[in-house]
**Q** 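Here it is: the structure, laid out below.
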Amino acid sequence: MTVTERVWWKDGTVYQIYPASYKDSTGDGLGDIPGIISKIDYIKDLGVDIVWLSPMYESPQYDMGYDISNYEAVHAPYGTVADVEALISDCHSRGIRLILDLVINHTSDQHAWFKESRTSKMNAKRDWYIWRPARYGAEGRRMPPNNWRSFFSGSAWQWDEETQEYYLHLFAEQQPDLNWENPVTRKAIYDSAIEFWLKKGVDGFRVDTVNMYSKPPGLPDAPISDPGVFEQPASMLFCNGPRMHEFLREMNQLVLNKYDTMTVGELPHTPDTAHVLRYIGSNDRQLDMVFQFDIVDLGQGKTNKYQFEGYALSDLKAVVEKWQSFIAGTDAWTTAFCENHDQGRSVSRYASDLPQWRERSAKMLALMMCAMTGTLFVYQGQEIGMINAPKDWSIEDYKDIESINYYNSAVARSGNDPAVRDHVMKSIQILGRDHARLPMQWDATAYSGFTTNKNGAWMRTHDEYKSINVASQLNKSDSVLNFWKKMLSLRKEYKDLFIHGSFKGFDMTNEKTFVFAKAFGKDKAIVVCNFTAEEQKFERPGVNGKFELLISNVEGVDGTESVLKGYEGRVYLVN
Ligand code: ISL
């Protein structure tokens with residue numbers, strides 16, 4: 001592939017659907033595949049080209065389906081394999097592609113492979129997972145093989161009484177890590193998790209935690225960065241292990257290359273641009289593109305995610321510029337996103353979700369995102385400006401294993417200190433994964449039109465659903481939804497500039513406004529966003545040419561104004 005080659009997965013906009021929370025067709029309070037099918041024309045009308053479906057596989061749901069017990073079956077409350085086949089064909093008949101989530105760092109502990117693996121040390125599948133004997137500390141105390149902390153708090157090792165060994169789980173104890181060192185395991189993963197669905201016509205995968213398959217030889221202890229507890233953050237050891245690139249090459253050579261697919265891999269804890277480029281060069285196919293997490297990690301605590309530290313606008317600008325520019329002059333490709341099912345809502349995190357500002361904020365972020373280089377990802381509900389759960393919700397209203405485990409462990413560790421509890425709660429109110437998982441707000445009827453269940457949805461419906469919902473925005477010309485549609489179509493119309501153009505930020509230390517240029521050949525655009533509620537002076541950057549306003553998120557603006565209103569955004573074409 002050449003540097004400039006245009007392929008469907010570069011120009012297409014991806015819309016992510018979280019099946020539990022999109023649309024319930026059966027009245028059981030949980031979203032399902034037929035529910036998604038019933039909204040397919042809404043999705044088409046939005047102007048997106050690719051749907052990414054979060055895990056819909058058979059699963060005991062300890063981690064909302066990221067704990068898969070059978071790759072070749074569908075979680076029964078979501079529907080059947082035949083329903084997914086119908087979704088594939090209903091997408092394809094409308095010119096939409098469908099990608100699935102590929103979760104192959106770990107399985108559920110209820111997967112048949114793991115059930116066999118844990119039966120005995122002699123079992124043929126013992127080596128399909130990562131089993132290790134205990135270490136013994138002072139006074140013969142049994143200890144895990146190393147000090148790694150799981151992403152969901154506590155040790156990354158679980159003791160198995162039956163066979164007297166520990167198994168590794170980087171996430172929940174119900175999510176044992178697969179042993180990628182074993183070629184027979186890898187082949188089984190390719191056949192069951194990947195090719196089974198490619199044969200059914202899916203167009204690719206979003207690849208979960210893609211840089212954790214290859215573990216460091218000897219599984220060494222992590223350095224102590226969180227004194228006072230045994231378990232330590234260890235991502236610097238288990239991310240980007242020595243065989244990662246080899247495994248991904250193999251996956252392409254043996255399976256993916258046989259089909260016209262796209263892959264987008266999740267690449268956490270990889271700040272080095274040169275390293276990221278090693279995964280995505282098109283002449284050495286491993287992944288077509290990745291999600292680099294700097295933008296969504298802004299403000300997270302360094303040793304514990306839910307110790308929110310805040311961030312400055314200049315930090316956001318720096319990470320955007322870094323990951324917008326790092327592919328310049330290479331044959332690699334990038335992504336643009338600021339939401340997914342693991343994040344707080346962008347309006348609440350990066351702008352303002354106060355009633356007087358939230359619509360304009362949502363439109364400003366839409367304007368900014370649609371001007372960005374790379375494949376654009378939009379998360380369900382982002383298109384109507386959904387916001388974080390209200391601040392008065394209690395921890396009982398949250399469902400996510402990550403927040404709940406952290407809350408419990410931090411509170412216990414502090415001896416129930418109210419100040420710690422408050423700070424953790426405040427952090428969860430900003431960063432909690434549940435904010436994105438609230439039921440989709442379709443209309444102003446009970447439970448936001450998501451479910452007909454009298455007891456409501458599986459997760460509490462947002463209190464504001466009457467003022468933020470699809471139905472009220474569809475026919476309102478200045479709604480957030482219609483602004484997104486306009487922006488997505490401008491993105492297509494000016495795709496050289498917005499999707500393929502180069503990026504340059506101006507005045508990068510300014511903490512109030514974000515001004516950047518996009519350029520492609522002789523074409524230029526300037527994007528201006530006011531990230532404050534106050535008016536800000538707008539000084540045109542020193543770019544030669546006539547500024548012509550392409551779009552603004554404020555009614556009545558003609559582009560000559562030198563003052564930006566609160567949360568105003570504009571795009572100019574410069575001729
Ligand atoms: O640091 C992290 C967690 O706090 C992340 O970088 C983590 O690696 C990332 O969130 C992985 O997420 C994915 O895999 C998880 C699942 O729970 C998430 O929903 C999924 O997006 C385990 O499968």
Side-chain angles (χ1 to χ4, degrees), residues 16-21 52-57 59-69 71 99-109 111 148-154 156 168-178 193 205-213 222 225-226 231-241 244 264-271 276 290-308 335 337 339-344 377 379 399-407 409-410 424 427-428 430-437:
Q16 183 190 351
I17 293 184
Y18 198 64
S21 303
W52 151 23
L53 183 61
S54 281
M56 74 305 161
Y57 309 96
S59 160
Q61 305 285 334
Y62 282 95
D63 184 22
M64 293 303 297
Y66 284 88
D67 48 327
I68 298 169
S69 52
Y71 291 108
I99 65 169
L100 299 181
D101 225 299
L102 183 61
V103 190
I104 50 181
N105 174 68
H106 43 265
T107 65
S108 159
D109 63 352
H111 195 292
W148 295 0
R149 177 189 291 176
S150 127
F151 280 114
F152 296 155
S153 304
L168 179 71
H169 60 90
L170 297 182
F171 293 88
E173 69 180 70
Q174 296 86 358
Q175 290 167 298
D177 279 53
L178 284 156
F205 298 94
R206 172 270 190 186
V207 195
D208 192 67
T209 55
V210 75
N211 57 349
M212 302 184 197
Y213 309 160
S225 60
D226 192 5
E231 295 87 14
Q232 298 295 316
S235 54
M236 71 302 264
L237 290 172
F238 60 67
C239 287
N240 307 311
M244 253 338 303
V264 51
E266 241 201 337
L267 209 65
H269 309 287
T270 311
V276 175
V290 298
F291 296 125
Q292 202 290 335
F293 282 106
D294 282 356
I295 186 165
V296 286
D297 286 351
L298 283 169
Q300 283 186 13
K302 300 222 167 28
T303 45
N304 290 297
K305 171 177 171 183
Y306 293 110
Q307 280 171 6
F308 186 68
T335 57
F337 74 103
E339 286 197 20
N340 63 39
H341 65 291
D342 290 335
Q343 304 300 331
F377 290 76
Y379 180 72
K399 300 272 177 242
D400 177 28
I401 183 171
E402 184 187 82
S403 312
I404 293 170
N405 284 5
Y406 183 71
Y407 180 90
S409 76
V424 174
S427 303
I428 292 176
I430 299 164
L431 300 172
R433 306 198 302 178
D434 278 321
H435 299 296
R437 303 175 180 188

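For ligands, and for the atoms within them, numbers begin at 1 and follow the listed sequence.
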**Q** So, using salt bridge (charged side-chain N to carboxylate O under 4.0 Å, His left out) as the criterion, who are the partners of Glu173 when residues are at least two apart?
**A** none
**Q** Do the rings of Phe171 and Phe151 sit parallel, tilted or perpendicular, given the 30° and 60° boundaries?
**A** parallel
**Q** Select the closest option to atom 20 (C) of ligand 1 among Asp208, Asp297, Asn211, judged by heavy-atom distance.
**A** Asp208
**Q** Does ligand 1 come near enough to Arg433 that some N or O of the ligand is less than 3.5 Å from an N or O of the residue?
**A** yes
**Q** Just how far is it from atom CD of Glu266 to atom OG1 of Thr335, taken to the nearest 0.5 Å?
**A** 11.0 Å
**Q** State the atoms of ligand 1, each with its element, that fall below the 4.0 Å cut-off from a heavy-atom position in Lys305.
**A** 4 (O)
**Q** What distance separates Ile68 CD1 from Ile104 CD1, expressed to the nearest 0.5 Å?
**A** 9.5 Å
**Q** Glu402 to ligand 1: N or O pair under 3.5 Å?
**A** yes
**Q** Got the closest protein heavy atom to atom 6 (O) of ligand 1, with its distance?
**A**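 Going atom by atom, the protein heavy atom closest to atom 6 (O) of ligand 1 ends up being Pro268 CB, 3.2 Å.
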**Q** Just how far is it from atom CG of Leu298 to atom CG of Leu431, taken to the nearest 0.5 Å?
**A**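 Nearest 0.5 Å value for the CG-CG distance: 10.0 Å.
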**Q** Should you measure from each heavy atom of His106, which atoms of ligand 1 turn up under 4.0 Å away?
**A**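 Taking each heavy atom of His106 in turn, ligand 1 has 22 (C), 23 (O) under 4.0 Å.
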**Q** Could you tell me, atom by atom, which parts of ligand 1 come under 4.0 Å of a heavy atom of His341?
**A**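 Listed by number with element: 18 (C), 19 (O), 20 (C), 21 (O).
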**Q** If you look at every heavy atom in Ser54 and His341, which pair is closest and at what distance?
**A** OG-ND1, 4.2 Å
**Q** For atom 15 (C) of ligand 1, what's the nearest protein heavy atom and its distance?
**A** Phe171 CE2, 3.7 Å
**Q** Between Gln175, Met212, Arg437, Met64, flag the one that comes closest to atom 8 (O) of ligand 1 by a heavy atom.
**A**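 Minimum heavy-atom distance to atom 8 (O) of ligand 1 goes to Met212.
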**Q** Select one of side chain, backbone, both or neither to describe which atoms of Phe152 lie under 4.0 Å from any atom of ligand 1, heavy atoms only.
**A** side chain
**Q** Considering residues at least two apart in sequence or located in another chain, which fulfil the salt bridge (charged side-chain N to carboxylate O under 4.0 Å, His left out) criterion with Asp400?
**A** Arg433, Arg437
**Q** Distance check, rounded to the nearest 0.5 Å: Leu170 atom CG versus Asn105 atom CG?
**A**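 Here the interatomic distance stands at 5.5 Å.
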**Q** Show the nearest heavy-atom pair for residues Ile295 and Phe337, with the distance to one decimal.
**A**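 Here Ile295 and Phe337 meet closest at CG2-O, 3.6 Å.
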**Q** Using the ring centroid of each side chain, check whether Tyr71 and His111 are separated by less than 6.0 Å.
**A**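 For Tyr71 and His111, the ring centres are under 6.0 Å apart.
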**Q** Looking only at protein heavy atoms, identify the closest one to atom 21 (O) of ligand 1 and say how far it is in Å.
**A** Asp342 OD2, 2.5 Å
**Q** Could you find the nearest protein heavy atom to atom 12 (O) of ligand 1 and give me its residue, atom name and distance?
**A** Glu266 OE2, 3.3 Å
**Q** Taking 4.0 angstrom as the limit and counting only heavy atoms of His269, give me the atoms of ligand 1 inside it, by number and element.
**A** 1 (O), 6 (O)
**Q** Please state which part of Arg206 comes within less than 4.0 Å of ligand 1, counting heavy atoms only: side chain, backbone, both or neither.
**A** side chain
**Q** Please report which non-hydrogen protein atom sits nearest to atom 16 (C) of ligand 1, along with the residue it belongs to and the distance in Å to one decimal place.
**A** Asp63 OD2, 3.3 Å
